[in-house]
Amino acid sequence: MATLSASAGASGAWIALFAAGLFEVGWAVGLKYTQGFTRPMPSALTVAAMAVSLYLLAVALRHLPLGTAYAVWTGVGTVGTALLGIVLFDEPATAARLGCILCIVAGIAGLKLLANS
């Protein structure tokens, strides 16, 4: 029974970690809209996303190694932010840039697979 509950905890930790990464994307993109924290609503939403992201990272760290969790958290945030930069802000979508983003995705997948072995 202890193994089942440890496994469920690790599963939940990965879900929390992925959600934390999505909230990291939210606050990173939100920073663009705060105009240096001079706009109240975007600033409040950005700070809230920061808080939720850090909280979910802390929850994930209950069951996942620090190095793995931090790398995945920043990786999800980096990939999501880079992709939204392309979509929302007309940042370049060159083959080299997309290839580098794909390398980050491969690293995230690799860390997830290694965590299970």
Side-chain angles (χ1 to χ4, degrees):
M1 192 66 155
T3 305
L4 179 61
S5 119
S7 174
S11 254
W14 281 103
I15 292 167
L17 183 59
F18 185 73
L22 294 179
F23 276 95
E24 184 185 6
V25 173
W27 70 254
V29 172
L31 282 174
K32 183 84 168 168
Y33 293 102
T34 68
Q35 295 181 357
F37 289 105
T38 61
R39 298 179 61 211
M41 186 54 73
S43 297
L45 292 172
T46 298
V47 170
M50 287 175 178
V52 171
S53 181
L54 286 173
Y55 172 76
L56 290 170
L57 175 61
V59 167
L61 285 171
R62 292 179 190 159
H63 296 278
L64 299 174
L66 173 63
T68 299
Y70 186 76
V72 170
W73 179 61
T74 58
V76 170
T78 300
V79 168
T81 302
L83 292 176
L84 282 179
I86 290 167
V87 172
L88 297 175
F89 306 115
D90 293 323
E91 294 177 1
T94 63
R97 186 170 187 188
L98 294 174
C100 290
I101 291 169
L102 187 59
C103 286
I104 296 168
V105 171
I108 293 168
L111 287 170
K112 171 70 170 100
L113 289 172
L114 290 173
N116 290 337
S117 58

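No hydrogens, no waters, no symmetry mates; every other heavy atom, side chains included, goes into these values. What you see is a predicted model; the values in this text were computed from it and never measured.
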From Thr46 atom OG1 to Lys32 atom NZ, the distance as rounded to the nearest 0.5 Å | 13.0 Å
Would Leu84 and Leu102 show up in the same hydrophobic cluster when neighbours are defined by side-chain heavy atoms closer than 4.5 Å?
-> no
Give, for atom CG of Leu31 and atom CZ of Phe37, the distance between the pair rounded to the nearest 0.5 Å.
-> 5.0 Å
Single-linkage hydrophobic cluster Val59~Val25, side-chain heavy atoms < 4.5 angstrom = no
When rounded to the nearest 0.5 angstrom, what is the spacing between CZ in Phe18 and CG in Leu22?
-> 4.5 Å
Side-chain heavy-atom pair Leu64, Trp73 within 4.5 angstrom cut-off = no
Between OG1 of Thr68 and CG of Leu61, what distance do you get to the nearest 0.5 Å?
-> 10.0 Å
Can you see which heavy atom on Ser43 is nearest to which on Thr38, and at what distance?
-> OG-N, 4.1 Å
Applying the 4.5 Å side-chain criterion to the ILVMFWY set and letting contacts propagate, would Leu66 and Leu54 be lumped into a single cluster?
-> yes
Distance in Å, Leu17 CG paired with Ser53 OG, rounded so as to fall on 0.5 Å steps = 9.0 Å
Rounded to the nearest 0.5 Å, what separation is found between the OG1 atom of Thr81 and the CD1 atom of Ile86?
-> 11.0 Å
Please check if the side chain of Thr74 supplies one atom and the backbone of Tyr70 the other of a donor-acceptor pair under 3.5 Å.
-> yes
Using salt bridge (Lys or Arg N to Asp or Glu O under 4.0 Å) as the criterion, list what pairs up with Arg62, not counting sequence neighbours.
-> none
Non-neighbouring partners of Leu56 that pass side chain to side chain contact (heavy atoms under 4.5 Å, CB included), sequence neighbours left out = Ala16, Ala19, Ala20, Phe23, Val52
Check whether more than 12 heavy atoms from other residues, nucleotides or ligands sit under 6.0 Å from atom OH of Tyr55, and answer yes or no.
-> no
